[in-house]
Trainee: 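One structure, as structure tokens, below. Some questions next.
Every chain is numbered from 1, with letters handed out A, B, ... down the list of sequences.
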Amino acid sequence: MQLEKVYEPRRFEPHWAQWWVESGIYRAEWQPGKPVFSLVIPPPNVTGSLHMGHMLEHTEIDVTVRWHRMKGDVTLWLPGTDHAGIATEMVVSRQLQAKGIQYRRDLSREEFEKKVWEWKAESGGTIKRQMIQIGTSCDWSRERFTYDPGMSRAVREVFVTLYEKGVIYRGEYMVNWCPGCNTAISDLETVHEETAGHMWHIRYGPLVVATTRPETMLGDTAVAVNPRDERYAGLTSVTLPLVNREIPVVRDEIADPEFGSGAVKITPAHDPNDFEAGKRHNLPIIQVIGQDARMTDAAGKYAGLDRYEARKRIVEDLQALGVLERVEDYTVSLGKCQRCRTVVEPLVSKQWFVRTKPLAAKAIAAVDEKRIEIIPEVWVKTWNEWMHNIRDWCISRQLWWGHRIPVWYCDSCGYEMASRDDVATCPKCSGPLRQDPDVLDTWFSSGLWPFSTLGWPDQTEDLKHFYPTTLLITGFDILFFWVARMSMLGIEFMGEVPFRKVYIHGLVRDAEKQKMSKTKGNVIDPLVVTEEYGTDAVRMALLTGAAPGTDIVFSPERLDTSRAFSNKIWNAARFLFLNMERCSVDPWMAEDVNAYLPAANAAVEDRWIFSRLNECAREMNRAIDSCRYHEAAQSVWHFIYDDFCDWYIELKKMKFVEGCGLNDDWRNLLAVFESALRLLHPVMPFLTEELWHRLGGAEGKSISLLAYPQFDPARYDSEAEREIGLLQDVIRAARNLRADLGLDPKMPLEGRVSIAVDEVAVQRLAGLKITVGEVRKTGVVRSTAAFDLSIDVPAGQMEVQKKRVEKEREQLEKNIANCRRQLSDEVFLGKAPAKVIDSIRAKLAEYEAQLAKLNAL
RNA sequence: GGGCGGUUAGCUCAGCCGGUUAGAGCGCCUGCCUUACAAGCAGGAGGUCCACGGUUCGAUCCCGUGACCGCCCA
């Protein structure tokens, strides 16, 4: 029954991690009449391994999930991963490239897909191992992958249904084209970066236009001026330099008369605004830059040049022509591909889109009406801002890894059909059909995650019991990518929101508050830190900083502190076990520890610690329920460290009687310790499971399946709280006096106290032999409203006492003056609530009593 | 350009509905190896709650303006 001297989590964490999975105890089994808590994991991308952000997310989820399970809810945490189309395709293509393989040139689509599946097995395995190591209590029997057959069925069902409803359409529109990834990407996948560039002013005959992208002039099909701009009245056309093409001058609001010359060039093929203007004026579209970011044949003598090379040449040629009026430095906002950072080229291209406005309206309403609650609430504004301005969602990607678009074309008769099943021959002409080569945006499938994972489109039991999910915990970076899409698609297909609550967590930053990123080299690997400090300590370190709405600064100091806390608990347990041996106490557990209470005549510290335990239970339940994880961490920390270790055990120490056997004192102690472990379990699952078993928890059982301590107002023991509170104050006052006087800690002291206190406790914890009675004015005296304490000290120490008393007097006088000022203020008395006035009166009386005592010395 | 958030102890942050002497952890200072724990124990110092104005009997908290920092969108 001995515990090793040093807390070494490596000795037991792997064991429990493995057992939790193998025992299958976290499989959700629905039972009628029981409350349900269900949550789906934000599926990590199979692009590698988990980082600290995942660990924070998983820790917050796990705390909540373990708490719900212990509360007795039917609890489902559904795990899984995301095929992450473009991201994974990039990872694998880079690996192939390193071996000299250009996948689109050297491999068939099938061969490439096989390679990606191999990679998926590896990355998915790593992710699962990591999750197991950090103690996530999910239901592995329900693990899913966004590209597994069930998901693919759901994807087809959704696509075809929306296609049939006309919500999904195909058309030639301007999209963000990434020449690096060779695919169209959505607006959300492009990031804008301020970059130093130039503004070139070019003369087009009688007017001057300005542009940051002179190479696009080859595709100009008009110049626009503002309809109200009188400078250009009557001008109907100009000649495009270099190309010598006659282009019209159109009147359009796109031209701002205040900006530059008031005239703008219109290139419908290469700018989203120009594209719209082009449609308004029926302008032709001349594409001069291709998907490979090289100039097309339409660019004449510049054909084949890279777009930047072409820019250089065109500027030179314009200069030679004498039509380059001037060049100025200009900051341009460049759209870049989120994945590969290549500058995106706006191109007109035939793609698939989802009409989002009607879907978004329902999602907006769901949040408005609090059918989806977003926490912290500040994110609601951001949500509304984006949702109200939502644009159609480009869902086709020119990739190989992902759900292939379920649309077939007949080249013989031109028939097009969307189908849930693969089709080979045209139903119209029996000619051969060809499937659309493109795949769907990865978010299209993850957007179905809360219901597709539960078996939809089949009406499964799981779907019935676990949808809508109770809570979603995720990061703000995917609020639109994912949360918004899930909301829209969930409402559309299930007729019900996908989750009742969304908690948005912060970002994990390094000790210098920097974002963790691979390029900065400041990433912390969860596996490495959990190995070093123990998973429990890392979890605790993350949670203590996890205040809603703030980022988490993750520093080594924080880890040290958390590990010290783990060690503290470990040693408290070790101490109990040592004394159990000394006292011949066998392991014992209360039948129903949550109902256990010390007897009415039990030692006051027993009644007190159960009262504190009850308060801590109140805090824990409230904090976890409201996603205030930092408060939960702090509250259980304080209970265990301060109340339990520093006071309760210290008070109990002196009462262990050798060979006493299991008596009520021991029962109280063991019961409160077990309850403390239960309170802590969601936060530090490994340590608590280990200690619970050492305490006598049966093999094959788990603390994680036991009932969580609940708050009961009747358990507040005001008498015990008052009594121990006084004892603590007396002990602190004595320690304080001793330190003030600079006395040797071992020097025996005698003193008097005006109220009845536990003399043994004062002796043991303050080294003071105390007698109840009148204080001795010859000693040093400390007075509070509740008691007076005097300590006999050798002569010559009174100077310190005088100084201290003076300081105290000053403070009291200040407080008294302050109270009096308020109480003599008529307006204050007239307007402040009685409660506040009463409390000030009470305070004043207290201060005055204390001052009187001080003055009587 | 539009929007959002932040500014509280040396550091990282709490502080709910406006009302005690504004809190915690780390760090710092002093003293202790007190038979669980030096990854520990006891005690202590440290604050113009960014600035200015307003509302209020009363403002760290609400409102306005400004400064600085960060983020999102175009």
Trainee: When you measure from the centre of the six-membered ring of A:Tyr648, is the NZ or CZ of A:Lys653 closer than 6.0 Å and no more than 45° off the axis?
Mentor: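 Verdict for A:Tyr648: no cation-pi partner in A:Lys653.
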Trainee: Can you spot which of A:Leu559, A:Val508, A:Val529, A:Val538 makes a side chain to side chain contact (heavy atoms under 4.5 Å, CB included) with A:Ile524?
Mentor: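 Going through the options one by one, the only one that passes is A:Val529.
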Trainee: At 4.0 Å (heavy atoms only), tell me whether A:Asp560 reaches a base, stays on the sugar-phosphate, or touches nothing.
Mentor: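 Touches nothing.
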Trainee: Does the side chain of A:Asn571 come under 3.5 Å of the side chain of A:Asn567 through a donor N or O and an acceptor N or O?
Mentor: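 Yes, A:Asn567 and A:Asn571 have a side-chain donor paired with an acceptor closer than 3.5 Å.
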Trainee: If you find the nucleotide of RNA chain B closest to A:Trp647 and the one closest to A:Arg563, which residue's nucleotide is nearer the 5' end?
Mentor: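 Looking at the nearest nucleotide for each, A:Arg563 comes out on the 5' side.
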Trainee: OP1, OP2 of B:G40 versus side-chain N and O of A:Lys568: anything below 4.0 Å?
Mentor: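 Negative; the distance criterion is not met.
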Trainee: Nearest whole Å is fine: how far is B:G3 P from A:Leu479 CG?
Mentor: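 So the CG-P distance, A:Leu479 to B:G3, works out to 20 Å.
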Trainee: Considering only the C1' atoms, how many Å lie between B:U34 and B:G43, rounded to the nearest integer?
Mentor: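 One C1' to the other, the span is 15 Å.
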Trainee: Under 30°, 30 to 60°, or over 60°: which ring-plane class applies to A:Phe673 and A:Phe644, parallel, tilted or perpendicular?
Mentor: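 If you compare the ring of A:Phe673 with that of A:Phe644, the planes turn out parallel.
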Trainee: Report the distance from atom CG of A:Leu691 to atom C1' of B:A36, rounded to the nearest whole Å.
Mentor: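 Whole-Å distance recorded here is 13 Å.
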Trainee: NA contact type, A:Lys653, heavy-atom cut-off 4.0 Å: base, sugar-phosphate, or nothing?
Mentor: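 If one applies the 4.0 Å heavy-atom cut-off, A:Lys653 turns out to touch a base.
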Trainee: Looking across every strand, which nucleic acid part, if any, lies under 4.0 Å from A:Thr382 by heavy atom: base, sugar-phosphate, or nothing?
Mentor: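 No contact.
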Trainee: Go through B:A74, B:U12, B:A36 for me and flag the one nearest to the A:Arg391 side chain.
Mentor: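 Nearest nucleotide to the side chain: B:A74.
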Trainee: Just label B:C11 as syn or anti from its O4'-C1'-N9-C4 or O4'-C1'-N1-C2 angle, using within 90° of 0 for syn.
Mentor: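 Anti.
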Trainee: Using atom P in both nucleotides, what's the gap between B:A67 and B:U21 to the nearest angstrom?
Mentor: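 Going atom to atom, P in each nucleotide, I get 36 Å.
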Trainee: Can you tell me the distance, in whole Å, between the CG atom of A:Leu765 and the P atom of B:G43?
Mentor: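 Taking CG of A:Leu765 and P of B:G43, I get 11 Å after rounding.
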Trainee: Please state the C1' separation for the pair B:U60 and B:C49 - nearest whole angstrom.
Mentor: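 These two C1' atoms come out 5 Å apart once rounded.
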Trainee: For this output row, return yes or no: ring centroids of A:Phe480 and A:Trp383 closer than 6.0 angstrom.
Mentor: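 Centroid separation for A:Phe480 and A:Trp383: 6.0 Å or greater.
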Trainee: Looking only at atom P, what distance separates B:G27 and B:G40, rounded to whole Å?
Mentor: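 These two P atoms come out 9 Å apart once rounded.
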Trainee: With a 4.0 Å cut-off on N to O distance, would you call A:Arg539 and A:Glu60 a salt bridge?
Mentor: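 Here A:Arg539 does not pair with A:Glu60 in a salt bridge, since their nearest N and O are not under 4.0 Å apart.
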Trainee: Please measure how far the P atom in B:C26 lies from the corresponding atom in B:G70, and state the result in whole Å.
Mentor: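 About 30 Å, rounded to a whole number of Å.
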Trainee: Within the 4.0 Å heavy-atom criterion, would you say A:Glu385 contacts the bases, only the backbone, or no part of the nucleic acid?
Mentor: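 Since no nucleic acid heavy atom lies under 4.0 Å of A:Glu385, the category is nothing.
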Trainee: Taking salt bridge (charged side-chain N to carboxylate O under 4.0 Å, His left out) as the criterion, tell me which of A:Asp643, A:Asp646, A:Asp642 meets it with A:Arg612.
Mentor: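 Looking at A:Asp643, A:Asp646, A:Asp642, the match for A:Arg612 under the salt bridge (charged side-chain N to carboxylate O under 4.0 Å, His left out) is A:Asp643.
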Trainee: Quick one: are the ring centres of A:Trp570 and A:Phe577 less than 6.0 Å apart?
Mentor: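 No, the ring of A:Trp570 stays outside the 6.0 Å limit from the ring of A:Phe577, centre to centre.
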Trainee: Classify the nucleic acid contact of A:Arg735 as base, sugar-phosphate or nothing, counting any heavy atom under 4.0 Å across all strands shown.
Mentor: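 Contact class for A:Arg735: sugar-phosphate only.
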Trainee: Roughly how many Å apart are B:C41 and B:U35, using the C1' atom of each and rounding to a whole number?
Mentor: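 Result for the C1' pair: 14 Å, nearest Å.
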Trainee: RNA chain B: A:Ala572 or A:Ile552, which has the more 5' nearest nucleotide?
Mentor: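 Between the two, 5'-proximity favours A:Ile552.
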Trainee: Are OP1 or OP2 of B:A74 and a side-chain N or O of A:Asn389 less than 4.0 angstrom apart?
Mentor: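 For B:A74, neither OP1 nor OP2 has a side-chain N or O of A:Asn389 closer than 4.0 Å.
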Trainee: Which nucleotide wins on minimum distance to the side chain of A:Lys5, given the candidates B:C37, B:A14, B:G5?
Mentor: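 For the A:Lys5 side chain, the nearest candidate turns out to be B:C37.
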Trainee: Rounded to the Å, how far apart are A:His630 NE2 and B:U12 C1'?
Mentor: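 Roughly 13 Å, once rounded to whole Å.
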Trainee: Can you check the distance between B:G15 and B:A51, where both ends of the measurement are the C1' atom (answer in whole Å)?
Mentor: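 Result for the C1' pair: 22 Å, nearest Å.
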Trainee: Hunt down the Watson-Crick or G-U wobble partner of B:C11, both distances under 3.5 Å, from any strand shown, or write none.
Mentor: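 The answer is B:G25, by the H-bond criterion.
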Trainee: How close or far is atom P of B:A74 from atom CG of A:Leu334, stated in whole angstroms?
Mentor: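 Computing the A:Leu334:CG to B:A74:P distance gives 14 Å.
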Trainee: Who is the Watson-Crick or G-U wobble partner of B:G31, with both distances under 3.5 Å?
Mentor: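 Base-paired to B:C41.
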Trainee: Just checking A:Arg628: base, sugar-phosphate only, or nothing, at a heavy-atom cut-off of under 4.0 Å?
Mentor: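 Sugar-phosphate, backbone atoms only, no base.
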Trainee: Which nucleotide in the set B:G44, B:C26, B:A74 lies at the smallest distance from any side-chain heavy atom of A:Asn736?
Mentor: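 For A:Asn736, the side-chain atoms sit closest to B:G44.
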Trainee: Taking only the side-chain heavy atoms of A:Lys381 (C-beta and beyond), determine which of B:G5, B:U12, B:G43 contains the nearest atom.
Mentor: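 Nearest nucleotide to the side chain: B:G5.
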Trainee: Heavy atoms under 4.0 Å, any strand shown: does A:His638 hit a base, just sugar-phosphate, or nothing?
Mentor: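 Here A:His638 touches no strand at all.
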Trainee: Can you tell me the Watson-Crick or wobble partner of B:C62, both distances under 3.5 angstrom?
Mentor: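 Paired with B:C62, as far as the under-3.5 Å criterion goes, is B:G54.
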Trainee: Base, sugar-phosphate alone, or nothing: which one does A:Asn567 contact when heavy atoms must sit under 4.0 Å apart?
Mentor: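 Base contact.
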Trainee: Would you mind reading off the distance between A:Tyr629 atom OH and B:G25 atom P, rounded to a whole angstrom?
Mentor: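 Rounded to the whole Å, the gap is 24 Å.
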Trainee: With sequence neighbours excluded, tell me which residues meet ring pair (Phe, Tyr, Trp, His ring centres under 6.0 Å) with A:His192.
Mentor: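 Testing A:His192 for ring pair (Phe, Tyr, Trp, His ring centres under 6.0 Å), a comparison that skips the adjacent residues, returns none.
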Trainee: Between B:C37, B:G40, B:A74, which one does the side chain of A:Asn571 approach most closely?
Mentor: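 Among B:C37, B:G40, B:A74, the one nearest the side chain of A:Asn571 is B:C37.
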Trainee: Whole angstroms only, please: what is the CG-C1' distance between A:Leu768 and B:A42?
Mentor: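 About 15 Å, once rounded to whole Å.
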Trainee: Under 4.0 Å between any heavy atoms, over every strand shown, what does A:Tyr641 touch: base, sugar-phosphate, or nothing? Just pick one.
Mentor: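 Sugar-phosphate, no base atom in range.
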Trainee: Please name the nucleotide paired to B:C71 by Watson-Crick or G-U wobble geometry with both distances under 3.5 Å, or report none.
Mentor: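 B:G3 is the nucleotide pairing with B:C71.
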Trainee: With rounding to whole Å, what would you report as the distance between B:G5 and B:G44 at their P atoms?
Mentor: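 One P to the other, the span is 40 Å.
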Trainee: Between atom CG in A:Leu507 and atom P in B:G6, what is the gap in whole Å?
Mentor: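 Rounded to whole Å, this separation is 17 Å.
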Trainee: Over all strands shown, is A:Glu4 touching base, sugar-phosphate only, or nothing at heavy-atom distances under 4.0 angstrom?
Mentor: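 No contact.
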Trainee: Which one, B:A39, B:A36, B:A74, comes nearest to the side chain of A:Glu650?
Mentor: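 Taking heavy atoms from C-beta onward, the closest nucleotide is B:A36.
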Trainee: Is A:Tyr7 touching bases, backbone alone, or none of the nucleic acid, heavy atoms closer than 4.0 Å?
Mentor: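 Counting heavy atoms under 4.0 Å across all strands, the contact made by A:Tyr7 includes a base.
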